[in-house]
Amino acid sequence: MEKKRIYLASPTMHGEEQEFIKEAFDTNWVAPLGPNVNAFEKEMCEYTGCKHAAALSAGTAALHLAMRCLDIGEGDVVFSTDLTFAATCNPVTYEKAKLVFIDSEYDTWNMDPEALKRAYEVYPNPKAVLVAHLYGTPAKMDEIMKICAEHGTPVIEDAAEALSSTYKGKQCGLFGDIGVYSFNGNKIITTSGGGMMVSDNEDYTKKAVFLATQAREPARYYQHNTVGYNYRMSNIVAGVGRGQLLHLEEHKAKKVAIYKQYEKAFADIDEISMNPLNPDGDANCWLSGMIIDKSCKVTPDAVMDALQAENIESRPVWKPMHLQPVYADNDFFTAKGLQKNVAPTKGDNGVGWDESVGGDIFRRGLCLPSDIKNTEEDMELIIKTIRGCFGK
Ligand SMILES: *Cc1c(COP(=O)(O)O)cnc(C)c1O
């Protein structure tokens, strides 16, 4: 018999989503605008505490529009978290600006403030700093914001994985000039696909909506003074989001419980540590992760293979951007300064090797199944399988 598939993170629907969709159908608001879009923005503002929001077709679209809002373009430099999903930084490349990657630290796996300082020594005038909160764990925002403020650099916060995570009591996504959330299929709440830009500056969210709807000027005829996009969220999709938002806190509680269960189950295995949680934050634990000790011979690949044999999905930690062939020519800073000749050559599909923290976490870490629909039996099987890899 085929073994039951256990997922990393899959959508969890509740029922209210369909009521909002039905309302949209009944009133024929089947368009990239409508009452659900407006209400979803308002409800996200109420939930997060941000002043303004723009509902968009994807988190990536929100990040792209953030570039346009801050006038990032050719000749500009943008500092970005290195250990993250490519979607964080690709929009910088869409606008032909130059990406400079900043290494992570071991305390939260996020942007290292020390490495950020090193980058400023070489590039004193970046146009923006792009900070991600990996797997829902808040970055060291006090330190990062202080450095950026000293240099007067705007901050874009990629909180795609961190909706409902807080740092010192404030929602992730609200620290920067612009914050971004994603509602893709595996995120803590999903609309199938979608994203949102948030900001306390209404100029940004207004500009985002303008650009997201083809940059049509207010005239009877079609007048365009700048290049726009088709990036607005549809009223159907927003209905799913409204239904999901009602269950966000419940999703978070379940994700945190999964993390705690793993933590407890592996407490006696010295070779394993869980992904760190920022003590100044309250993480949503979107994905639980673990890292294997340097001295241990067991590889993440071996653990993933053992899980796969039980039809359990797991995933490597994001491969750092400085090790990606597409960004082979970009500068990369660790706490020690500019790293030379660490990147693979273009077209190289190898894993790459260097002394960076992000590279080290990538080589030793993996993401564990964190689906909130996993049953007690599922969790027991996952835990038993992983323990077996370490002879327990
Ligand atoms: C998912 C994700 C994105 C992209 O969001 P989409 O809605 O899929 O476009 C960006 N950054 C990070 C860190 C993500 O995890």
Side-chain angles (χ1 to χ4, degrees), residues 7-11 32 40 44 53-68 78-94 99 101-102 104 108-111 128-139 141 144 155-165 171-173 175-176 178-198 208 212 229-234 237-238 240-241 244-245 251 255 275 283-289 315-321 324 326-327 358 361-362 365 367 370:
Y7 291 99
L8 190 81
S10 71
F40 188 33
M44 277 289 287
L56 302 162
S57 57
T60 309
L63 286 158
H64 188 190
L65 294 177
M67 302 305 142
R68 290 290 307 270
V78 174
F79 294 164
S80 171
T81 296
D82 176 60
L83 182 63
T84 184
F85 185 33
T88 300
C89 66
N90 279 339
V92 175
T93 307
Y94 299 167
L99 273 163
F101 296 111
I102 313 294
S104 290
T108 75
W109 292 8
N110 288 305
M111 182 183 280
V129 174
L130 189 41
V131 188
H133 304 285
L134 207 70
Y135 305 129
T137 294
M141 290 313 281
I144 291 168
V155 173
I156 302 167
E157 229 184 316
D158 181 354
E161 302 174 0
L163 177 60
S164 81
S165 296
Q171 291 285 326
C172 288
F175 290 85
I178 295 174
V180 167
Y181 299 114
S182 165
F183 310 111
N184 208 335
N186 63 8
K187 297 286 159 49
I188 189 152
I189 60 169
T190 178
T191 61
S192 70
M196 200 166 292
M197 173 195 283
V198 297
Y229 314 90
N230 182 5
Y231 278 173
R232 195 70 163 130
M233 181 180 277
S234 101
V237 162
V240 182
Q244 285 273 286
L245 193 53
H251 286 200
K255 292 274 191 188
N275 60 310
N284 67 10
C285 298
W286 170 58
L287 288 188
S288 287
R315 189 201 261 173
V317 167
W318 300 124
K319 183 175 176 180
M321 290 303 111
Q324 301 289 354
V326 65
Y327 290 123
I361 293 170
F362 166 62
C367 298
S370 308

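Just so you know, ligand 1 is whichever comes first in the structure, and atom 1 is the first atom listed for that ligand. Just so you know, residue 1 is the first one in the sequence shown, and it goes up from there.
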Suppose I only count heavy atoms of [X] and a 4.0 Å limit; which atoms of ligand 1 are within that range?
X	result
S182	1 (C), 5 (O), 6 (P), 7 (O), 8 (O)
A160	2 (C), 3 (C), 10 (C), 11 (N), 12 (C), 14 (C)
A87	3 (C), 4 (C), 10 (C)
G194	7 (O)
F85	2 (C), 3 (C), 14 (C)

Check the side chains of [Y] and [X] for a donor-acceptor pair under 3.5 angstrom, ignoring hydrogens and angles.
X	Y	answer
Y327	N90	yes
E161	H133	no
D158	T88	yes
T108	N110	yes

ask   = Does the N or O separation between T60 and ligand 1 drop below 3.5 Å for any pair?
value = yes
Over all heavy atoms of both residues, which pair between [X] and [Y] is shortest? Give the atoms and the distance, please.
X	Y	value
W318	L83	O-CD1, 3.1 Å
A139	I144	CB-CD1, 4.0 Å
S165	P138	CB-CG, 4.5 Å

request  = Run down the list K187, H64, E161 and name the one with the heavy atom closest to atom 2 (C) of ligand 1.
outcome  = K187
request  = Measure from atom 11 (N) of ligand 1 to every heavy atom in T81, D158, N90, L63 and give the option owning the shortest one.
outcome  = D158
key: F40 ring center near F183 ring center (under 6.0 Å)   = yes
query = Taking non-hydrogen atoms only, is T84 closer than 4.0 angstrom to ligand 1 via side chain, backbone, both or neither?
reply = side chain
ask   = Which protein non-hydrogen atom lies closest to atom 8 (O) of ligand 1, naming both residue and atom, and how far is it?
value = N184 ND2, 2.7 Å
inquiry  = Tell me whether ligand 1 is touched by A62 - counting only heavy atoms on the residue side and a distance under 4.0 Å.
reply    = no
